[in-house]
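Here's the structure, in structure tokens; my notes come after.
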Amino acid sequence: MNKFWPLFFCFWPIVAVVAFWISPAMNWWFPGMAMSPLGQQIDNLFYMILVIVGLVFVGTHIGLGYVLFRGVAHEDEKKSWFSHGSHKLEVLWSVAPAGILLFMSLYQLDVWMRYRVKSHFPDEVQPIAEVTARQFEWRIRYPAPGKALMPTPQPDDLYTVNDLHVPFGRPVMIRLRSMDVQHSFFVPELRIKQDAVPGTVIPIWFETVDEGDFDLTCAELCGWGHYKMRGRVFAERESQFQHYLKTLQAEQDYDGVRELGSTGAQIAEYSRGPHKQAGH
Amino acid sequence: MKFSDTIVCAVALLGIAGCSSNSVPQFETSQDTGKLFQPARDAVESELQAAFGTPENLVVWPDLPVDFGSFGGSIEKVTTQGTLVVPLAGQSALATDERLPELSGAAVLVAPAAGGEKGAEGGENAAAVYRVAHYDPESKTLRVVDENGKPTQVTAAEGDGVQVIGDGLQKGRNLYLKHCMHCHGVSGDGDGPTAPYLKPRPRDYRKGIFKFTSTKTGVRASRDDLFRLVKLGVPGTYMPSFMLLPDDEVSAIVEYVRWLSMRGELESKLVVQLALDFGSDQIGPKRTFADMSTEFDAFRGSDLPDIVKSAGEELGADWSAPEDAENLVIPKEERVASSLESIARGRKMFLSEKTKCYSCHGETGAGNGAATEEINDLPGQPGVKAEVPGLFDAWGNIVKPRNLQRGLFRGGRRPIDIYRRIHSGIKGTPMQAFGNNLSDQDIWDLVNYVLNVPFEKKTQASH
Ligand SMILES: [Cu+2]
């Protein structure tokens, strides 16, 4: 019975380590592989921190277990030794974590700057769309094909909603705004999360490595319909993206004369794609 | 200790009871129906029940131009009573294979194989009606129950035809309850739980009026109109976009919305006929409840069935019309290119006495025209003045003419959308149709002007 507490305290760290170990296989891990180069680097940072923290965790618990077991094994009533007030030890356990934290903060600077600091954005990146969050949808404005996105709406801009198309294989930028309250543009698979703040325009750049569609959700509790605020980021080939813009443009210039056809079918054409339908 | 346990139990029970009674969706009768005297109210309710059923138990009224969804197969084997082996293929437009397990409740018609023995016996190939209790697509077994949901014997043989009817509407109902009900209400009365917090209010479908349509004046909304609207949402209002819902799901919801509209219309058609003679406020010393009841019984026996029948025919005609290409608003001339001249002509037209657009939308299009400050007639009651100044829509809500400077178009921003808004007006609102007075050229000029209003200052400055 006197082994109960040492066993108890060893049991939980083992559970924790096992849970971490099996979680990638159990799909308790990241939401899929990072689909952007920067996202992969962010994952690497995460792993680095996990390794450091994991080593410390395992090390301290082995130490703790050792001390506990030794304590119950010793029948003799030897007087305990208290480290309280040991100057050397205090310096050691203050300086060592501080050093580790300093290392981590310096090590991640590069990724953070590339993600957030304008002067470190990729050179060629241009805004391709303005995404305006509103309760409870994402309104999207593209410039006309071949034109640059202007800060204010232009007569030939193209509009859509909840369905952000981007080309893959090159960095792209969107300008994020909010029409009402604070929202957050969250694309887990691209490892992007950025608040949309009323009154400001926030640039976000990202690069998707392959075609695919990624869930876009709002990550800021923005009202009763927050849970409904879902969209899709759809990465496609450059040529397909240009074709998409042309379709949007043809649709938007439609004057009802050129062809009679069903108006519903047209919009259906560009809301459909060779991908899974995001089930709402 | 024991005492507090009992309290906890009682509270838990209350909770469960409270939940379950709420969670059964129910159609509500309109306010106007509520003003009828009791027997008339009951009659309206029972007619609606017969023609449309309840949300739990939908009824297929074949007179209505609704795609209820149906598909069929022929029986391979009759296993035990109530269980048939039928490969159900050739699905309807609205149902897909994955949805087959959701069929439960849809009606099943079992028709004896043509020319078979039974057909000869039964004379007119009489089909038996059941309901789906369960369908397992893998083993292709269909378990049916009778119309009241009770186990039943099936008289069927191999080779008999099976028709499943109403699966499309059911699918629409399920999706509607999930995505739309909390705003538009179970009965489509625009009064769901979130509705009180929204402005403008969610649409009440029961009048059959939709604002943003591609059809001529007086014609209902087409399936395509509703499809598009649900996909894109109504920018500038709380009506969200359902862009990412698969097309077949949107189509099913649209069918259900149309069906709800028809239900609401049937209700008001009946009430209009009954309100004159059988309002509860007409009971008095001269005409007692008993008098009225006798009159009503006679009426119910003789006139009511005909009224329902002709209402059904009207609904059939009204709701098929928008699907007819003849009733779509299609400009004869192509859009006039948006030049400064065209915009200037449009502005002139906007400010002219011919259109009086300015009287509502204001001279700069800011939506602050003089009409918004005037006392106007109440909707649908010409000559009856409202108590407060402003413009009213058909549902009795105040509507503001659009502020065109914001460049937000609820019914879509394509030139054809704006053309149609001007041509047939915005249905159910004071903005009437201008199609009869204006030429195509005039309307296109107006369209170009309207689309340019948000950029007005810039175009003028650059001049
Ligand atoms: Cu949000």
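Because only heavy atoms are used, hydrogens play no part in the values below, and waters and symmetry mates are left out as well, while side chains stay in. Naming: A, B, ... by sequence-line order, numbering from 1 per chain.
With rounding to the nearest 0.5 angstrom, the CG atom of Leu408(B) is 5.5 Å from the CE atom of Met179(A). Atoms CG and CD, on Leu232(B) and Glu137(A) in that order, are 10.0 Å from each other to the nearest 0.5 Å. Considering CG of Asp156(A) and CG of Leu451(B), their distance stands at 12.0 Å, rounded to 0.5 Å.
The two residues Arg139(A) and Ser241(B) come nearest to each other via the heavy atoms NH2-CB, 4.4 Å.
Between Lys231(B) and Glu251(A), none of the side-chain N atoms (NZ, or NE/NH1/NH2) sits under 4.0 Å from a carboxylate O, so this pair counts as no salt bridge.
When heavy atoms are compared at a cutoff of 4.5 Å, Gln252(A) approaches chain B by way of both its backbone and its side chain. Using a 4.5 Å cut-off between heavy atoms, Thr194(B) contacts chain A through its side chain alone, with no backbone atom that close.
Without hydrogens or angle criteria, Asp255(A) side chain to Arg335(B) main chain gives a donor-acceptor distance under 3.5 Å.
Taking Ala344(B) as the reference, nothing meets the side chain to side chain contact (heavy atoms under 4.5 Å, CB included) condition, with sequence neighbours excluded.
For the options Pro235(B), Gly412(B), Gly233(B), heavy-atom pairs under 4.5 Å to chain A are most numerous at Pro235(B). For the set Thr237(B), Asp417(B), Val447(B), the entry with the most heavy-atom pairs within less than 4.5 Å of chain A is Thr237(B).
A tilted orientation is assigned to the rings of Tyr238(B) and Trp224(A), their planes being inclined by 30° to 60°.
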